[in-house]
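Input: a single structure, listed below in structure tokens.
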Amino acid sequence: HLTPERSWKETEKALLGPAPQAFFGLLREVDALGALFPELEALYGVPQTARYHPEIDTGVHMQLALEQAARLSPRLDVRFAVLCHDFGKATTPGFVLPGHRGHEKRGVPIVEAFCERLRVPRALKEIAVLVAEHHLHCHKALELRPQTLLKLFDALDLWRRPERLEAFLLACEADARGRTGLEDRPYPQADYLRAAATVASAVSARELLARGLEGPQLGKALRRERLAVLEQLRAQQRPREG
């Protein structure tokens with residue numbers, strides 16, 4: 001009987017608390033999670049590959065990731081994105097399990113509908129959608145080609161909204177750490193993407209304009225320059241990986 005506004009207000013308060021995972025765990029214990037948040041209830045009992053997720057159960061992983069999000073950041077956008085990041089896994093066909101290929105894109109419309117129903121603020125919805133769709137790219141950052149990195153930065157709208165990057169990285173780190181026994185493992189992907197964003201953002205359109213470039217030529221030149229600095233960064237990274 002709660003209005004969407006009241007449901008969201010209570011959810012927001014819980015997410016900002018010291019142990020947001022306990023809120024959703026308690027709702028499940030009293031059989032209320034399915035009524036209020038069916039997207040979350042649907043995650044429980046869905047298996048994942050033990051090699052990557054020793055906890056196996058996707059719902060348990062969601063709670064562990066939320067715990068890590070609270071540990072990493074007080075930001076509401078980070079915690080909300082972590083809450084929603086694996087919605088697509090509930091729709092994985094049974095014959096594919098415990099793998100979840102394609103769950104990222106499948107999760108996007110579920111996150112959007114979830115946000116619409118609860119009337120979640122637009123800024124939170126945007127970060128949640130980005131994390132749902134692109135968190136695996138973050139986990140694989142050290143392996144990505146410069147072209148793929150640039151596509152990720154375009155999706156994040158890094159050039160106009162650089163503040164989004166940190167929320168995205170923190171949510172992805174919480175996802176990576178929200179696994180039984182892996183809570184304290186290093187996450188170098190975040191620092192690598194921070195460095196990549198810095199060098200790519202430093203490419204100046206002003207310098208290219210000074211060369212007389214404009215219109216489509218300017219856009220192509222900007223892309224070439226950004227790819228070049230990302231390739232250079234990647235080359236510098238390789239010796240450290242070895």
Side-chain angles (χ1 to χ4, degrees), residues 11 15 37-40 42-43 46 48-49 52-53 58-59 61-62 64-66 68-69 72-73 75-93 96-179 187 189-190 192-194 196-197 200-201 223 226 230:
T11 305
L15 285 170
F37 307 110
E39 299 87 349
L40 296 174
L43 298 176
V46 177
Q48 302 169 106
T49 305
Y52 303 111
H53 285 277
T58 304
H61 164 63
M62 178 272 293
L64 292 173
L66 258 186
Q68 292 302 311
L72 288 168
S73 174
R75 293 177 57 160
L76 179 60
D77 54 357
V78 172
R79 298 180 183 198
F80 181 69
V82 170
L83 181 73
C84 303
H85 80 282
D86 268 347
F87 279 178
K89 287 185 176 179
T91 66
T92 300
V96 177
L97 297 174
H100 289 279
R101 183 180 294 274
H103 78 276
E104 314 91 76
K105 288 191 179 298
R106 291 200 309 274
V108 169
I110 304 174
V111 174
E112 291 175 337
F114 181 76
C115 292
E116 183 69 23
R117 189 178 80 251
L118 289 182
R119 299 181 188 172
V120 174
R122 180 177 176 180
L124 298 182
K125 171 187 171 182
E126 289 175 348
I127 291 295
V129 167
L130 287 168
V131 172
E133 186 170 2
H134 299 289
H135 61 277
L136 290 191
H137 279 131
C138 189
H139 297 336
K140 297 177 180 178
L142 300 176
E143 308 164 24
L144 297 182
R145 297 177 303 160
Q147 293 88 341
T148 308
L149 269 182
L150 204 55
K151 286 181 181 178
L152 174 60
F153 291 153
D154 286 342
L156 292 172
D157 199 10
L158 176 70
W159 326 116
R160 294 186 304 169
R161 304 181 68 178
E163 72 282 355
R164 280 179 164 182
L165 178 66
E166 193 61 21
F168 175 78
L169 294 178
L170 287 168
C172 292
E173 183 171 356
D175 172 34
R177 292 178 183 272
R179 308 170 196 224
Y187 193 69
Q189 296 93 324
Y192 179 68
L193 284 176
R194 289 184 184 104
S201 298
R223 180 176 178 79
R226 285 170 174 164
L230 289 174

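All residue numbers refer to positions in the sequence shown, counting from 1.
Between Leu64 atom CG and Asp175 atom CG the span is 11.0 Å, to the nearest 0.5 Å. Atom CG of Leu152 sits about 10.0 Å away from atom CD of Glu133, to the nearest 0.5 Å. With rounding to the nearest 0.5 Å, the separation of CG in Leu169 from CG in Leu72 is 11.5 Å. Distance check, rounded to the nearest 0.5 Å: CD of Glu163 to CG of Leu158 gives 9.5 Å. Atom CG of Leu124 and atom CG of Leu76 lie 5.0 Å apart (nearest 0.5 Å). Distance check, rounded to the nearest 0.5 Å: OG1 of Thr58 to CG of Leu97 gives 8.0 Å.
Leu66 and Arg79 get closest at one heavy-atom pair: CD2-O, 3.5 Å. The two residues His139 and Gln189 make their nearest non-hydrogen contact at O-NE2, 3.0 Å. Nearest approach of Cys84 to Val111, heavy atoms of both residues: O-CG2, 3.7 Å. In plain terms, the two heavy atoms of Ala196 and Leu149 that are nearest each other are CB-CD1, 4.2 Å. Residue Cys138 comes nearest to Tyr187 through the heavy atom pair SG-OH, 3.3 Å, listed as atom of the first residue, atom of the second, then distance. Shortest non-hydrogen contact noted between Arg101 and Arg106 is O-NH1, 2.9 Å.
Between Phe80 and Phe114, the angle of the ring planes stays under 30°, which puts this pair in the parallel group of the 30/60° scheme.
Within a 6.0 Å radius of CD in Glu116, other residues, nucleotides and ligands contribute 12 heavy atoms or fewer. A 6.0 Å sphere centred on NE2 of His53 holds more than 12 heavy atoms belonging to other residues, nucleotides or ligands.
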Going through the distances and angles, do Thr92 and His103 end up as a side chain to side chain donor-acceptor pair (under 3.5 Å)?
-> CA-CA 7 Å; Thr92 300; His103 78 276; over 6 Å; no
Could you check Thr91 against Ile110 for side-chain contact (heavy atoms from CB on, under 4.5 Å), going step by step and ending with a plain yes or no?
-> CA-CA 10 Å; Thr91 66; Ile110 304 174; 3.6 Å; yes
Could you please spell out the steps behind the side-chain contact (heavy atoms from CB on, under 4.5 Å) verdict for Arg117 and Glu39?
-> CA-CA 11 Å; Arg117 189 178 80 251; Glu39 299 87 349; 2.5 Å; yes
Residues Leu83, Phe37; criterion side-chain contact (heavy atoms from CB on, under 4.5 Å); working and verdict = CA-CA 11 Å; Leu83 181 73; Phe37 307 110; over 6 Å; no
Take Gln48 and Asp86 through the side-chain contact (heavy atoms from CB on, under 4.5 Å) test and state the conclusion after the steps.
-> CA-CA 11 Å; Gln48 302 169 106; Asp86 268 347; 4.1 Å; yes
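When Arg161, Arg75, Arg194 are each tested for a salt bridge (Lys or Arg N to Asp or Glu O under 4.0 Å) with Glu166, only one passes: Arg194.
Judged by distance alone, with hydrogens and angles left aside, the side-chain atoms of His135 form a donor-acceptor pair with the main-chain N or O of Val131 at under 3.5 Å.
At least one side-chain heavy atom of Arg164 sits under 4.5 Å from a side-chain heavy atom of Glu126. Counting heavy atoms from C-beta outward, Tyr52 and His100 have side chains that stay 4.5 Å or more apart. Taking the side chain as every heavy atom from C-beta outward, Asp154 and Arg223 approach each other to under 4.5 Å. By the 4.5 Å heavy-atom criterion applied to side chains, His61 and His85 are counted as neighbours. The closest side-chain heavy-atom distance from Ile127 to Phe168 is not below 4.5 Å. Within the 4.5 Å cutoff, no side-chain heavy atoms of Thr148 are placed close to those of Lys140.
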